[in-house]
Amino acid sequence: MESNPLYIVKIDDFEGPLDLLLHLVKESKVDIYDLSLTEITSQYVAYIQQMQSLNLEVASEYLFMAAQLIEMKSRWLLPKPPKEESGEESLDPREQLILRLIAYKQFKDISQHFRALEEERQQYHTKTPEDISDWTQEQIILDESSTSDVYQLMVAFEKLMQRKELHRNINATIQVAEVSIDEQMTHIRKKLAKGKRVAFSDLFEVNDRVYLVTTFLAILQLSREHLIEIQQDENFADIFIEGKEAA
């Protein structure tokens, strides 16, 4: 006699009685809210009996659930006493089982989600942060003779140009008096008088391309002549200009 293939499943494939019940509900292709207590009990008991007939060891928790289902089914089939006789209204056995299955399914779905995240995280390899305090400075002095320092100034200047949106207003006509590099050097030194420290961007006062380029060249020349000091409090911080006395 052929056995029913629906029940040829190892009991070890399930994580517990509720997992087996969810499997049987899925195999029955019914909504969990439409669960029939009579049918699910019959299917569950038949499954357990199938395991025993194959001389497979069935854990006590599965047998305990079978006893609970039979007891629930019995109470479900018995006539319900009137509410006034039973005292307070209690949840019927079918609803109790449905709520237990729903709660278990939610925890199972969440655990599967976390397991997937764990497997994804295992694809990444991290490195312990290193101590770089020996290579840091409280203040960085930029030198115009250094290619990397000039590059930082160029990057800061390019960002300033973008903020002023000159790249979108290149054809705009703005009447600005022409100023030479020497004149702008004098103007910047006056702004930096008495050791005043000014942000790099604050030296570019007029929204005109020629004026901005002239100002930038004046800053480079002042740095070359050691009349100003270009500073950064730390890497990637704002750049500041401070005046120096002529040697």
Side-chain angles (χ1 to χ4, degrees), residues 1-136 234-237:
M1 177 178 179
E2 294 185 359
S3 57
N4 190 335
L6 174 63
Y7 303 115
I8 305 302
V9 183
K10 290 183 180 179
I11 203 122
D12 292 340
D13 290 344
F14 302 104
E15 299 176 359
L18 290 175
D19 203 35
L20 172 54
L21 283 171
L22 277 180
H23 168 75
L24 295 175
V25 171
K26 182 179 179 181
E27 289 296 315
S28 299
K29 298 181 180 180
V30 297
D31 189 279
I32 196 168
Y33 290 98
D34 298 328
L35 178 67
S36 168
L37 186 56
T38 301
E39 290 182 11
I40 195 67
T41 299
S42 300
Q43 291 175 6
Y44 185 91
V45 171
Y47 184 94
I48 297 300
Q49 291 174 343
Q50 182 75 10
M51 294 300 100
Q52 293 174 329
S53 67
L54 294 173
N55 295 320
L56 297 178
E57 184 179 351
V58 179
S60 59
E61 57 181 333
Y62 289 89
L63 298 175
F64 180 69
M65 174 58 76
Q68 281 188 315
L69 287 171
I70 294 172
E71 191 267 340
M72 288 181 189
K73 177 182 175 182
S74 300
R75 286 195 291 124
W76 172 257
L77 295 175
L78 289 174
K80 296 180 177 59
K83 292 182 181 179
E84 58 271 12
E85 294 183 13
S86 61
E88 58 182 25
E89 184 178 359
S90 60
L91 216 57
D92 67 65
R94 176 179 172 277
E95 291 178 345
Q96 290 178 356
L97 180 60
I98 289 175
L99 290 177
R100 287 180 64 184
L101 286 173
I102 291 173
Y104 177 79
K105 186 176 185 303
Q106 289 174 339
F107 281 110
K108 183 176 180 179
D109 291 343
I110 291 173
S111 64
Q112 289 176 344
H113 174 68
F114 284 129
R115 190 177 297 114
L117 291 177
E118 180 185 9
E119 292 175 356
E120 180 181 352
R121 183 63 182 85
Q122 289 175 350
Q123 304 302 315
Y124 297 90
H125 299 277
T126 57
K127 182 177 181 294
T128 305
E130 295 183 3
D131 181 11
I132 60 171
S133 57
D134 293 339
W135 290 273
T136 59
E234 58 184 17
N235 286 325
F236 311 111

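These numbers come from the heavy atoms of this one structure, side chains and all, not from hydrogens, waters or symmetry mates. All figures in this text were calculated on a predicted structure; none of them were measured in a lab.
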Sub-4.5 Å side-chain heavy-atom contact between [X] and [Y]:
X      : Y     : result
Ser42  : Lys73 : yes
Leu101 : Leu97 : yes
Leu69  : Val45 : no
Asp31  : Val25 : no

Distance in Å, [X] [atom1] paired with [Y] [atom2], rounded so as to fall on 0.5 Å steps:
X      : Y     : atom1 : atom2 : value
Ile102 : Glu95 : CD1   : CD    : 10.5 Å
Glu15  : Leu20 : CD    : CG    : 12.0 Å
Arg75  : Leu37 : CZ    : CG    : 9.0 Å

Please enumerate all residues that pass side-chain hydrogen bond (donor to acceptor under 3.5 Å, both in side chains) together with Thr38, with sequence neighbours excluded.
none

Walk me through it: do Val30 and Glu39 pass the test side chain to side chain contact (heavy atoms under 4.5 Å, CB included)?
CA-CA 11 Å; Val30 297; Glu39 290 182 11; 5.7 Å; no

Looking at every non-hydrogen atom in both residues, tell me the closest pair between Pro17 and Glu61 and how far apart they are.
CG-O, 3.4 Å

Grab the two heavy atoms, one from Ile98 and one from Tyr33, that are nearest each other, plus how far apart they are.
CD1-O, 4.0 Å

Would Gln43 and Ser28 count as having a side-chain donor-acceptor pair, cut-off 3.5 Å?
yes

For Phe14 and His23, take the angle between the two ring planes, folded into 0 to 90°, and tell me which bin it lands in: parallel under 30, tilted 30 to 60, perpendicular over 60.
tilted

Examine distances only and state if a side-chain atom of Arg94 and a backbone atom of Leu35 form a donor-acceptor pair shorter than 3.5 Å.
yes

Just by distance, do the side chain of Tyr44 and the backbone of Tyr62 share a donor-acceptor pair under 3.5 Å?
yes

Identify every side-chain donor-acceptor pair in residues 109-120 under 3.5 Å, counting partners at least two apart or on other chains, and give the distances.
{"residue": "Asp109", "atom": "OD2", "partner": "Lys105", "partner atom": "NZ", "Å": "3.1"}
{"residue": "Ser111", "atom": "OG", "partner": "Phe107", "partner atom": "O", "Å": "3.3"}
{"residue": "Ser111", "atom": "OG", "partner": "Lys108", "partner atom": "O", "Å": "2.7"}

